[in-house]
Amino acid sequence: MKKSLLDRWCGQPWLHATYLLGIVMLNVLIIYWKVWSVPQKLMGLLAIFLPLHVFEELTWPNGFHFMMNKLMQKSDNPLAYPENRLTDMITNFGAELLFIVLTFLTPILDNKGVIFAVFFGIGETFVHTIFSIITLNHYKSKGKKTLYSPGLVTAWCLLLEVGIYGVYWLVISGTFVKRDLWGLAFVAFLIIFMIRIPFIISSKIKSTKYAYTEMGYFEKYEK
C-alpha cells in the first residue's frame, strides 16, 4: 500500500528536519553571541540541545518510545501506542519550532523565556532520571546493570545545565519579577497540547499505522 505524505514525513524526514534546525540555530547563536542577551542565549541553546536530545532518544541508541509505552504507559503494543512516529513528530518537531519562536521573541518576553528554560531543563532531567530508575529495576533480572535509558545523557549533560544557569541568571541579575512566571504558560502549552493530548488520542484510537519497527536500546533486554 502506498504511504501517505504524512506517513512518509513521520518516518525519517521530520527527524532530519529537526536536526537541520538545530544546526541552523547553532550557527545563528554563534553569529549573534555578542549581541544576544543571556535569556535569548538560553533559549537559543535549548533550540540547539533539543535535537541532540531527540537524536539520543529516537536515532541512537534509540528506544525511548518503547520504554515509554511498555514501562510507563503499560501498553499492550509498545511499538505502536500511545507514543508512535506521529506523536513523536508532533511533540519533538513542534517543540523545536516553539523553541525557535521563543528564542526570537525573547526580547519581548524577557525572563519568561528563562522561566520556561529552567522548568524544561530541570524537569526533563528529573523525569528522565525517574524513567531510568524504573527501567533499571525492570530489566535488572535480564542483565541490565546501569541506570542509563535513552535521553538520560543529554538531559543531564545539556538540558540540566541550561536550567541551572537560568536559575543562576535570575538570582544574580536581579531582574526577576512576578509576571515572569507567565513563562509557565509555555510549559503548560508544551505538556498539554504537544505531549498529553496526542498521547490521549493515540491511546483511544490504538492505531498501528504509525508504529515503530524497532526497540532500539532495549532490543537486547527483550530477547
Side-chain angles (χ1 to χ4, degrees), residues 1-22 46-47 49-59 61-102 116 119-121 123-132 134-135 138 149-152 154-155 159 182-219 222:
M1 183 180 293
K2 187 176 181 180
K3 290 184 177 181
S4 66
L5 184 61
L6 180 59
D7 196 358
R8 293 179 183 178
W9 170 249
C10 290
Q12 292 297 309
W14 79 266
L15 284 168
H16 296 161
T18 302
Y19 303 153
L20 178 60
L21 287 174
L46 273 189
F49 292 161
L50 179 64
L52 293 173
H53 188 56
V54 172
F55 181 87
E56 184 185 3
E57 288 183 340
L58 301 176
T59 297
N62 192 4
F64 178 80
H65 57 280
F66 182 80
M67 173 190 70
M68 273 295 293
N69 288 339
K70 179 172 183 175
L71 303 185
M72 314 306 159
Q73 305 289 334
K74 308 301 181 182
S75 171
D76 58 355
N77 191 343
L79 285 175
Y81 49 77
E83 182 173 348
N84 53 39
R85 293 185 293 114
L86 178 59
T87 63
D88 275 339
M89 185 277 294
I90 293 172
T91 299
N92 295 299
F93 186 68
E96 178 64 8
L97 294 178
L98 175 64
F99 290 2
I100 291 173
V101 169
L102 291 179
F116 175 84
F119 275 83
F120 181 83
E124 190 76 1
T125 304
F126 175 78
V127 168
H128 271 279
T129 302
I130 297 299
F131 289 170
S132 294
I134 293 173
T135 300
H138 181 82
S149 67
L152 185 67
T154 45
L159 300 179
W182 278 104
L184 294 176
F186 298 117
V187 178
F189 176 83
L190 178 64
I191 294 174
I192 296 172
F193 292 99
M194 300 172 72
I195 299 176
R196 290 306 306 158
I197 289 180
F199 268 27
I200 291 171
I201 295 174
S202 179
S203 294
K204 291 182 180 295
I205 296 175
K206 293 189 175 182
S207 171
T208 59
K209 182 176 181 180
Y210 297 99
Y212 281 98
T213 58
E214 72 291 320
M215 302 176 193
Y217 174 78
F218 299 98
E219 187 83 40
E222 288 291 327

CG of Asn69 to CG of Asp76, rounded to nearest 0.5 Å, is 10.0 Å
Selection residues 71-90 - residue pairs positive for ring-ring contact (aromatic ring centres under 6.0 Å, His included), sequence neighbours left out:
none
Would you please name every residue forming a side-chain hydrogen bond (donor to acceptor under 3.5 Å, both in side chains) with Ser132, sequence neighbours left out?
Ser149
Sequence neighbours left out, what passes salt bridge (charged side-chain N to carboxylate O under 4.0 Å, His left out) with Glu222? Give chain and number order.
Lys70
Ring pair (Phe, Tyr, Trp, His ring centres under 6.0 Å) partner of Phe99, chosen from Phe49, Phe93, Phe120:
Phe120
I'd like to check Phe218 versus Thr135 (side-chain heavy atoms, cut-off strictly below 4.5 Å). Are they in contact?
yes
Mind running side-chain contact (heavy atoms from CB on, under 4.5 Å) on Asn62 and Tyr212 for me, showing each step along the way?
CA-CA 11 Å; Asn62 192 4; Tyr212 281 98; 5.5 Å; no
With Phe119, which residues qualify under ring-ring contact (aromatic ring centres under 6.0 Å, His included), at least two apart?
none
For the pair Ser202 and Gln73, evaluate side-chain contact (heavy atoms from CB on, under 4.5 Å) and give the outcome as yes or no after the intermediate values.
CA-CA 12 Å; Ser202 179; Gln73 305 289 334; over 6 Å; no
Scanning both residues in full, the closest heavy-atom pair of Glu214 with Leu79 reads O-CD2, 3.3 Å
Within residues 50-59 or reaching into it, pairs that qualify as side-chain hydrogen bond (donor to acceptor under 3.5 Å, both in side chains) - sequence neighbours excluded
Tyr19-Thr59, His53-Glu57, His53-Glu124, His53-His128, His53-Thr154, Glu56-Tyr148, Glu56-Thr154, Glu57-His128
Check whether any side-chain heavy atom of Arg85 lies under 4.5 Å from a side-chain heavy atom of Asp7, and answer yes or no.
yes
Across all chains, not counting sequence neighbours, the side-chain hydrogen bond (donor to acceptor under 3.5 Å, both in side chains) partners of Thr129 are Trp156
